[in-house]
Chemist: 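One structure, as structure tokens, below. Some questions next.
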Amino acid sequence: QVQLVESGGGLVQAGGSLRHSCAASGRGFSTYAMGWFRQAPGKQRNIVAAINWSGGSTYYADSVKGRFTISRDNAKNTVYLQMNSLKPEDTAVYYCAADHTFTVHTTWSTYEYWGQGTQVTVSS
């Protein structure tokens, strides 16, 4: 069992930056691939970025490539999402998720554990 607690959302102007953190409790954090998803009102939940167990493999949605960076610190049981050059279309609730696999998956239904979600609002 893994519990995920997120922090770092908020309100920012377009062009600004935010850093999300997702702290995991429970055993075996380093055996989980981790993902960040987002869901805007009336839209489906989509992958933003994902990282494998070691941090050696990452995935980014085309819409955030070059602006967002996912990373993890297995010693601290934490995964991060650095968001730069934010745009109003990045406004959404952001979720971190854990998938007990050594590979990176991009489909939300494969992830077993979810954080509570944090709101990110980017004003124009």
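For the numbers below, each heavy atom of this structure counts, side chains included, while hydrogens, waters and symmetry mates do not.
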Chemist: Determine, using the 4.5 Å side-chain heavy-atom cutoff (strictly less than), whether Val79 and Trp114 are members of one ILVMFWY cluster.
Modeler: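 Shared cluster, no.
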Chemist: Tabulate below the donor-acceptor pairs under 3.5 Å that side-chain atoms of residues 24-33 make, not counting sequence neighbours, or state none.
Modeler:
unit_1: Ser25; atom_1: OG; unit_2: Gln3; atom_2: OE1; d: 2.9
unit_1: Thr31; atom_1: OG1; unit_2: Gly28; atom_2: O; d: 2.6
unit_1: Thr31; atom_1: OG1; unit_2: His100; atom_2: NE2; d: 3.1

Chemist: State the OG-NZ distance between Ser124 and Lys87, to the nearest 0.5 angstrom.
Modeler: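 The NZ atom of Lys87 is 14.0 Å from OG of Ser124, to the nearest 0.5 Å.
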Chemist: What is the distance from atom CD1 of Ile51 to atom OG of Ser57, rounded to the nearest 0.5 Å?
Modeler: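 Taking CD1 in Ile51 and OG in Ser57, the distance rounds to 8.5 Å.
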Chemist: Find the distance between CD (Gln116) and OG (Ser7) and round it off to the nearest 0.5 Å.
Modeler: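 Going from CD on Gln116 over to OG on Ser7, the span is 8.5 Å.
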Chemist: Is the shortest side-chain heavy-atom distance between Leu81 and Val48 below 4.5 Å?
Modeler: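 Counting from C-beta outward, Leu81 and Val48 do come under 4.5 Å.
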Chemist: With Asp90, which residues qualify under salt bridge (Lys or Arg N to Asp or Glu O under 4.0 Å), at least two apart?
Modeler: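 Testing Asp90 for salt bridge (Lys or Arg N to Asp or Glu O under 4.0 Å), a comparison that skips the adjacent residues, returns Arg38, Arg67.
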Chemist: Between Asp73 and Thr78, do the side chains contain a donor N or O and an acceptor N or O under 3.5 Å apart?
Modeler: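 On atom types as modelled, these side chains do not qualify, holding no pair under 3.5 Å.
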Chemist: For Ile47 versus Thr106, what's the shortest heavy-atom pair and its separation?
Modeler: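 Looks like CB-O, 3.4 Å.
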Chemist: Can you tell me if Asn74 uses its side chain to pair, donor with acceptor, with the backbone of Asn77 under 3.5 Å?
Modeler: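 Not at all, since once roles are kept as given, no pair shorter than 3.5 Å links the two residues.
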Chemist: So, for Leu18 and Gly9, which heavy atoms are closest and what is the spacing to 0.1 Å?
Modeler: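 Shortest heavy-atom separation between Leu18 and Gly9 comes out as CD1-C, 4.5 Å.
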Chemist: Sort out for me which residue in Val104, Leu4, Asp99 forms a side chain to side chain contact (heavy atoms under 4.5 Å, CB included) with Met34.
Modeler: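 Exactly one candidate clears the test, Leu4.
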Chemist: Keeping to residues at least two apart or across chains, list the ring-ring contact (aromatic ring centres under 6.0 Å, His included) pairs with something in residues 73-92.
Modeler: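 Pairs touching residues 73-92 that pass the test: none.
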Chemist: Determine, step by step, whether Trp108 and Gln44 satisfy the side chain to side chain contact (heavy atoms under 4.5 Å, CB included) criterion, reporting the C-alpha distance in whole Å, the side-chain angles of both residues, the deciding distance to 0.1 Å, and the verdict.
Modeler: CA-CA 10 Å; Trp108 69 267; Gln44 65 181 11; over 6 Å; no
Chemist: Check the orientation of Phe37 and Tyr111. Use parallel for under 30°, tilted for 30 to 60°, and perpendicular for over 60°.
Modeler: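 Judged by the thresholds at 30° and 60°, the geometry between Phe37 and Tyr111 is perpendicular.
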Chemist: State, without any angle test, whether Thr101 and Thr103 hold a side-chain donor-acceptor pair at a distance under 3.5 Å.
Modeler: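 Yes - a donor-acceptor pair under 3.5 Å links their side chains.
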Chemist: Checking the side chain of Glu6 only, and the main-chain atoms of His20 only, is there a donor and an acceptor separated by less than 3.5 Å?
Modeler: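 Between the backbone of His20 and the side chain of Glu6 there is no qualifying donor-acceptor contact (under 3.5 Å).
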Chemist: Closer than 3.5 angstrom, by distance alone: can the side chain of Thr91 be matched with the main-chain N or O of Val122 as a donor-acceptor pair?
Modeler: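 It does hold such a pair.
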Chemist: Within the distance-only criterion (no hydrogens, no angle test), does the side chain of Arg72 pair as donor or acceptor with the backbone N or O of Asn52 below 3.5 angstrom?
Modeler: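 Yes, Arg72 side chain to Asn52 backbone: donor-acceptor pair under 3.5 Å.
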Chemist: Listing request: all ring-ring contact (aromatic ring centres under 6.0 Å, His included) pairs with a residue in residues 51-71, at least two apart in sequence or in separate chains.
Modeler: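 Listed once each, the pairs are Trp53-Phe102.
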Chemist: Can you list everything that forms a salt bridge (Lys or Arg N to Asp or Glu O under 4.0 Å) with Lys43? Sequence neighbours excluded, please.
Modeler: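 Salt bridge (Lys or Arg N to Asp or Glu O under 4.0 Å) check on Lys43 returns nothing, list empty.
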Chemist: Suppose we screen for ring pair (Phe, Tyr, Trp, His ring centres under 6.0 Å). Which residues come up paired with Tyr95, at least two apart in sequence or across chains?
Modeler: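 With neighbours one apart ignored, the set is empty.
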